[in-house]
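Down below is the structure, laid out as structure tokens.
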Amino acid sequence: MENTKELKTWLDAFGLGHPLVIAGPCSAETEEQVLQIAHELKDTDATVLRAGIWKPRTRPGNFEGVGALGLKWLQKAKKETGMLIATEVANKDHVKLALEHDVDILWIGARTTVSPFIIQEIADALEGTDKIVLVKNPVNPDLPLWLGAIERLYAKNIKKLGVIHRGFSTYEKTRYRNNPEWQIPIELQNRFPDLPLICDPSHIAGRRDIIFDICQTALDLNFDGLMIETHYDPDNAWSDAAQQITPKSLVQMMIDLKVRKATDTEAEYRNALNTLRTQIDVVDHQLIEMLGKRMKIADSIGELKKEKNVAILQTKRWNEILGKMILEGDERGLSEEFVLKMFKAIHQESINHQEKIINN
Ligand code: PEP
Ligand code: MN
């Protein structure tokens with residue numbers, strides 16, 4: 001993928017707005033539901049209507065989508081509202097049906113991007129298409145796997161490509177349904193600045209109360225668009241009920257979000273600065289998270305020492321840690337003085353935590 005300049009052009013050519021807003025239900029449920037949501041979205045910033053027809057579910061027995069029937073509803077919605085339509089495809093049969101029904105944007109889901117065989121099958125079925133194809137990140141935080149999928153599509157002469165960041169699975173429970181790991185889309189953007197990058201805050205969040213903040217971070221990081229699950233009755237949606245918002249909330253959100261546009265060199269400078277600052281915020285957030293994790297482990301050590309009545313301060317172990325960290329710090333351009341100061345503070349906090357446990 002050497003000359004990727006052409007990739008960004010479809011975004012401008014379609015005049016879909018900045019940021020591009022894709023909205024609509026997680027799943028198409030009934031014809032009435034699709035049409036009602038489309039009409040409620042018609043005069044908002046959303047220019048593309050999304051709805052899943054084939055739904056990948058973790059466990060069997062849940063609603064798995066209405067199937068090809070839903071494509072007719074999407075077509076009708078397009079005809080009535082003028083919005084472009086988008087749906088997920090997960091194999092060559094889906095691709096065939098979606099193309100037959102003139103779906104404008106086909107996206108590849110996170111569970112599909114992990115499989116090079118399926119991606120190849122989809123790429124073959126899409127060969128030479130002028131439809132827009134968006135590739136969600138794989139469920140696991142693996143940038144080469146994500147890029148590999150894009151490369152397979154690009155090699156089949158599919159030029160209207162883009163990516164969707166929807167967060168990554170973790171075993172550990174965090175405040176997100178899927179951890180954003182912002183450093184991954186940031187790296188992707190650095191390597192392929194012309195590949196349109198869209199954020200799906202709904203699947204990152206898993207809950208509607210933090211969707212706004214995720215959208216703002218994405219915009220601050222210069223994402224090109226947002227894909228937001230929207231339903232007139234989110235609580236009673238047949239899938240992903242907790243994370244959907246109403247078209248009305250979407251309108252308010254788009255008013256409240258700060259969208260930045262580079263119009264002159266001063267604005268460009270401020271944009272660049274803002275992007276870097278947001279990157280710093282992401283790292284700071286991770287630092288605090290990691291430190292919190294470290295202190296939790298210290299608490300467990302405190303419990304153990306309390307049980308065995310062992311002294312808190314283990315000088316030999318502490319000196320080993322310091323020695324190792326000074327060397328690692330040096331490899332990353334951190335001075336010995338800084339590493340010492342930082343670890344002394346961390347160590348002190350660790351001791352305070354353990355003391356609290358032992359004296360309780
Ligand atoms: C979806 O967009 O409804 C979906 C299933 O997303 P993901 O592939 O990101 O889980
Ligand atoms: Mn969903």
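These numbers were taken from a predicted model, which means no experiment stands behind them. Whatever order the structure lists ligands and atoms in, that order sets their numbers, starting from 1.
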Do we see a donor-acceptor contact under 3.5 Å between the side chains of Asp240 and His231? no

Compare all side-chain heavy atoms of Ile164 with those of Cys199 and state whether any distance is below 4.5 angstrom. no

Give every donor-acceptor pair under 3.5 Å between a side-chain atom in residues 73-84 and any protein atom, sequence neighbours left out.
residue	atom	partner	partner atom	Å
Gln75	NE2	His101	O	3.1
Lys76	NZ	Glu31	OE2	2.8
Lys78	NZ	Asp102	O	3.4
Lys78	NZ	Asp104	OD1	2.9
Lys78	NZ	Asp104	OD2	3.1
Glu80	OE1	His39	NE2	2.7
Thr81	OG1	Ala77	O	2.7
Thr81	OG1	Met83	N	3.1

Walk me through whether Ile119 and Ser115 qualify under side-chain contact (heavy atoms from CB on, under 4.5 Å). CA-CA 6 Å; Ile119 291 290; Ser115 167; 5.7 Å; no

Has the side chain of Gln354 got a donor or acceptor atom that lies under 3.5 Å from a matching backbone atom of Lys306? no

What does the contact table look like for ligand 1 (nitrogen or oxygen on each side, cut-off under 3.5 Å)?
residue	atom	partner	partner atom	Å
ligand 1	2 (O)	Arg50	NH1	2.8
ligand 1	2 (O)	Arg50	NH2	3.4
ligand 1	2 (O)	Lys136	NZ	2.8
ligand 1	3 (O)	Arg50	NH2	2.9
ligand 1	3 (O)	Lys55	NZ	2.8
ligand 1	3 (O)	His203	NE2	3.3
ligand 1	3 (O)	Glu229	OE2	3.3
ligand 1	6 (O)	Lys136	NZ	2.9
ligand 1	8 (O)	Ala110	N	2.9
ligand 1	9 (O)	Lys136	NZ	2.8
ligand 1	9 (O)	Arg166	NE	2.6
ligand 1	10 (O)	Arg111	NH1	2.8
ligand 1	10 (O)	Arg166	NH2	2.8

According to the interplanar angle, ranging from 0 to 90°, do the rings of Trp146 and Phe168 count as parallel (below 30°), tilted (30 to 60°) or perpendicular (above 60°)? perpendicular

Would you mind telling me which of Asn190, Ile184, Leu188 makes a side chain to side chain contact (heavy atoms under 4.5 Å, CB included) with Ile186? Asn190

Atom pairs and distances, donor-acceptor, side-chain atoms in residues 321-344, under 3.5 Å, two or more places apart:
residue	atom	partner	partner atom	Å
Ser335	OG	Phe338	N	3.1

Ile150 side, atom CD1; Ile158 side, atom CD1 - distance, nearest 0.5 Å: 12.0 Å

Listed protein N/O/S atoms, distance to the Mn ion (ligand 2) under 2.8 Å: Cys26 SG, His203 NE2, Glu229 OE2, Asp240 OD2

